[in-house]
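Below you'll find the structure, written out as structure tokens, and then a few comments.
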Amino acid sequence: MKIYKFIWAAVCLTPLLLLSCNDDFLERYPLDEVSNETFWNTENDLMVYNNSLYHLALNDDNVPILHGHFDGFNSHWGSYWFLDEFSDNLAPRHDRHAFFQQVRAGKQIVPNGGQWFGYKGWNFVRAINVGLENYDKADIPEDTRNKYVGEARLLRGWFYAEKVQKFGDVPWVDRELNIDSDELFAARTPREEAMDKVLEDLNFATENIPDDWGDGNEPGRLNRWAALAIKSRLCLYEGTWRKYHGGSNAEMWIREAAEAAKEVIDNSPYAIYNTGDPENDFNSFMRKIDISGNPEVMVWRRYQLGIYTNHVQSYFSYSGGATKSFVEDFLATDGKPISISTLYQGDDTIEDVFANRDPRLRQTILHPDDTEKYNYDRGDGRDYPRVVGMSGGFTTTTGYHIIKHYNADDMIGKAYNTAESPAIILRYAEVLLNYAEAKAELGEITQGDLDLSINQLRDRVNMPHLMMDPPMDPRYANDGVSPLIVEIRRERRVELFLEGFRYNDLKRWKQGKKLEIPDMGVQWSPENQARFEGATVQTSVDPESGKTYIDVYKGTDWANPVFDEAKHYLWPLPLDDLAQNPQLVQNPGYN
């Protein structure tokens, strides 16, 4: 059974069950209507109810966990591709993406109501808890029932962990609430207590959800391997947060992450997609409409005309473009950082940037010679790259166009909101990265662990293996971590770009100060000035190299970004919620 089908089958079920109640035991229930008293009987009833939870999770704003592309016009901001705009990976300037710029610059204001991906979606928790209070009514074997209990608890734990990552303490609720429930006016549950409950949910899920639901997984329900992958992600976040920010049991959480990832590596059917074509394998499957059967894709969302669609391909330009900081993190082909590699050709021209670099760079950022290959921007014959101010076509704020997810076939000739670009929600590559980082943070990593994880990703693109004693990149010498952890973090940034990880990674590593570094673009060399004739950009001189670069936010409200260590690792609670329940208390620094 496929998500894009079963989500619609139960679209009306949840509100019906949430509202139905009857205290009169003499009342006869209509035989042709669903009610809470007559529904919970069979396995199919539990399955259909959980289908409705997947439907609620389609709202990527309210429930940003199974994050894909929000429907229709909302895909211009609600796609997981654009979450990197909170970080130093992308440099948006479009007015419609002002919120990303605001958070990135450290100028976030306290909202009245829920912000994008913010303090909302609590109806999702209520729907889960309604199910959990009723699943026992079904006259089915316990192990059958627990599959659906585990599925619901996985979604609840994931939802709460995401809220903890943004807001810290959260109002943990594990039962159905009504309008007079005391919990509605209670204080927030302390972070560590809430996360203990999250771990209970995750453990129950990984112990009871089946390895395979028999639905083909193309796409399908969250299986046990997906639950383990999610657990590895959430436990790694919590463990490294506690390690670098302070907190108890950091090692326990990191070990849970490592063990969950290792279970997937050792026993799951997933593997890195590798056909032996290092110049194309990294991005080829990310640019397809149908990714059924791909061994690397663990969870994805299908979009189909007439059922559920997006328009996300047309909004690439809203993201601004990739930053100089991101582009410079790709290694040279000798496996060394460009800061110390003799193979690096510099950045006087775009072509120089790509010379002798990790092949993933050319499969992430558009090389001028690949414009025709990718049929970029409708194949209209314009020269690329292009910068803001130049007439016609896609432009960037930085000069670095994104090609990683680009699919011309899903844009050319298609009317508004008829596109079908899929969303890859979980892929096996992340599990490998989670494992390597967790083992390194535990101080237990071996060369065998690197070969099992990071080096599988490097093998796909014919890059030299990461060894246990890499040289320290001078640019990261002050981060307070070993050269090996620097390289594992770099690998994560390069591999998972435009998949929504960078902002959370900087937060959990306590590296928020990196967001104070201005976002720069291509070198404003004489060659590039001639090439980008008509561009309207601001520039600044790099004090270290003496070279001039595009300075994306110079002269705007987002120039001179700030990051307050005592404030900006968490988001503010909305004023409306604080007014309704003063015991919630605002996060530090936002009063």
Side-chain angles (χ1 to χ4, degrees), residues 64-65 67 80-91 100 103-104 106 117 158 161-168 195 229-245 247 250 253-254 257-258 260-261 322-323 325-330 360 364 404 424-427 429-442 445 453-454 457 466 473 475-476 478-517 519 561 563 565 568-571:
I65 54 173
H67 203 144
Y80 74 107
W81 291 353
F82 302 138
L83 296 180
D84 271 9
E85 293 180 37
F86 288 128
S87 78
D88 54 355
N89 277 355
L90 296 174
F100 293 109
V103 173
R104 165 74 176 85
F117 323 118
W158 195 358
E162 194 276 337
K163 288 292 182 282
V164 165
Q165 291 168 11
K166 282 201 178 86
F167 300 102
M195 287 306 297
I230 294 162
K231 180 181 176 181
S232 76
R233 177 192 296 183
L234 301 181
C235 289
L236 182 63
Y237 187 105
E238 187 63 17
T240 51
W241 174 278
R242 296 187 190 196
K243 178 175 180 177
Y244 292 108
H245 291 261
W253 283 91
I254 298 172
T323 62
S325 165
F326 168 69
V327 170
E328 289 182 342
D329 251 356
F330 287 82
R360 284 174 291 188
T364 301
K404 178 175 177 179
I424 299 175
I425 294 167
L426 283 173
R427 66 182 179 103
E430 184 206 341
V431 176
L432 300 184
L433 291 162
N434 293 347
Y435 178 69
E437 184 180 343
K439 294 294 283 186
E441 291 286 3
L442 289 168
I445 196 164
S453 56
I454 299 292
L457 303 177
L466 175 61
D473 185 340
R475 295 182 305 160
Y476 296 105
N478 295 324
D479 281 7
V481 296
S482 70
L484 182 57
I485 289 180
V486 166
E487 292 309 313
I488 290 172
R489 290 179 177 182
R490 182 204 308 276
E491 199 78 21
R492 187 175 181 90
R493 187 182 191 186
V494 165
E495 181 74 25
L496 299 178
F497 171 75
L498 218 70
E499 297 181 46
F501 290 92
R502 178 64 174 174
Y503 178 57
N504 275 347
D505 286 345
L506 290 176
K507 289 198 302 178
R508 65 187 177 88
W509 296 331
K510 205 176 183 183
Q511 292 292 324
K513 283 295 184 180
K514 292 190 187 302
L515 298 179
E516 291 188 337
I517 302 171
D519 285 329
F563 191 92
E565 292 274 346
H568 287 134
Y569 284 111
L570 298 177
W571 283 15

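By the 4.5 Å heavy-atom criterion applied to side chains, Arg427 and Leu496 are counted as neighbours. Looking only at side-chain heavy atoms (C-beta outward), Phe501 and Arg233 come within less than 4.5 Å of each other. Using a 4.5 Å heavy-atom threshold, the side chains of Arg502 and Leu90 count as separate. In this structure, Leu433 and Leu457 have side chains that are in contact, with non-hydrogen atoms separated by less than 4.5 Å. Contact annotation: the side chain of Leu506 approaches that of Asp88 to within less than 4.5 Å [non-hydrogen atoms, C-beta and beyond]. Contact of the Val164 side chain with the Tyr237 side chain is not registered, since no non-hydrogen atoms from C-beta on lie closer than 4.5 Å. In this structure, Leu466 and Ile488 have side chains that are in contact, with non-hydrogen atoms separated by less than 4.5 Å. A 4.5 Å side-chain heavy-atom check between Ser325 and Arg475 finds every atom pair outside the cut-off.
Of the options Arg508, Arg489, Lys243, a salt bridge (charged side-chain N to carboxylate O under 4.0 Å, His left out) to Glu437 is made by Arg508 and by none of the others. Test Asp519, Asp505, Asp329, Asp479 against Lys514 for salt bridge (charged side-chain N to carboxylate O under 4.0 Å, His left out) and you get one pass: Asp479.
Contacts of Asp84 classified as side-chain hydrogen bond (donor to acceptor under 3.5 Å, both in side chains), with partners at least two apart in sequence or in another chain: Asn89. By the salt bridge (charged side-chain N to carboxylate O under 4.0 Å, His left out) test, Lys510 is found to be paired with no residue, residues two or more places apart in sequence or in another chain being considered.
Once rounded to the nearest 0.5 Å, the distance linking CD of Gln165 with CH2 of Trp571 reads 11.5 Å. Atom OH of Tyr435 sits about 11.5 Å away from atom CD1 of Ile454, to the nearest 0.5 Å. The CG atom of Leu432 sits 11.0 Å away from the CZ atom of Arg492 when rounded to the nearest 0.5 Å. In this structure, Asn504 CG and Trp509 CH2 are separated by 10.5 Å, a value rounded to the nearest 0.5 Å. With rounding to the nearest 0.5 Å, the separation of CH2 in Trp158 from NZ in Lys163 is 12.5 Å. The distance from atom OG of Ser453 to atom CD of Glu491, rounded to the nearest 0.5 Å, is 9.0 Å.
Between His67 and Tyr80, the ring-plane angle classifies as tilted under the 30° and 60° cut-offs. Using a 30° and 60° split on the angle between ring planes, Phe497 and Phe326 fall in the parallel class, below 30°. Using the six-membered ring where Trp is involved, Phe86 and Tyr503 have ring planes that are tilted, between 30° and 60° apart.
Across Ser232 and Ala229, no two heavy atoms sit closer than the pair OG-O, 2.7 Å. Of all heavy-atom pairs between Ala322 and Val327, the closest is CB-CG2, 4.5 Å. Of all heavy-atom pairs spanning Pro561 and Glu516, the tightest one is CG-O, 3.4 Å.
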Could you walk me through whether Arg104 and Glu85 satisfy the side-chain contact (heavy atoms from CB on, under 4.5 Å) test, starting with their C-alpha distance in whole Å, then the side-chain angles of each, then the deciding distance to 0.1 Å, before giving a yes or no? CA-CA 7 Å; Arg104 165 74 176 85; Glu85 293 180 37; over 6 Å; no
Set out, in order, the CA-CA distance, both residues' side-chain angles and the distance that settles side-chain contact (heavy atoms from CB on, under 4.5 Å) for Tyr569 and Trp241, then state yes or no. CA-CA 10 Å; Tyr569 284 111; Trp241 174 278; 3.7 Å; yes
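Under the 3.5 Å distance criterion, the side-chain polar atoms of Lys439 are left unmatched by any main-chain donor or acceptor of Ala258. In this structure a side-chain-to-backbone donor-acceptor pair under 3.5 Å is present from His245 to Lys507.
For Arg360 and Glu495, the salt-bridge test passes: some basic side-chain N is under 4.0 Å from an acidic carboxylate O.
Tyr244 and Glu441 are linked by a side-chain donor-acceptor pair at a separation below 3.5 angstrom, with hydrogens and angles left out of the test.
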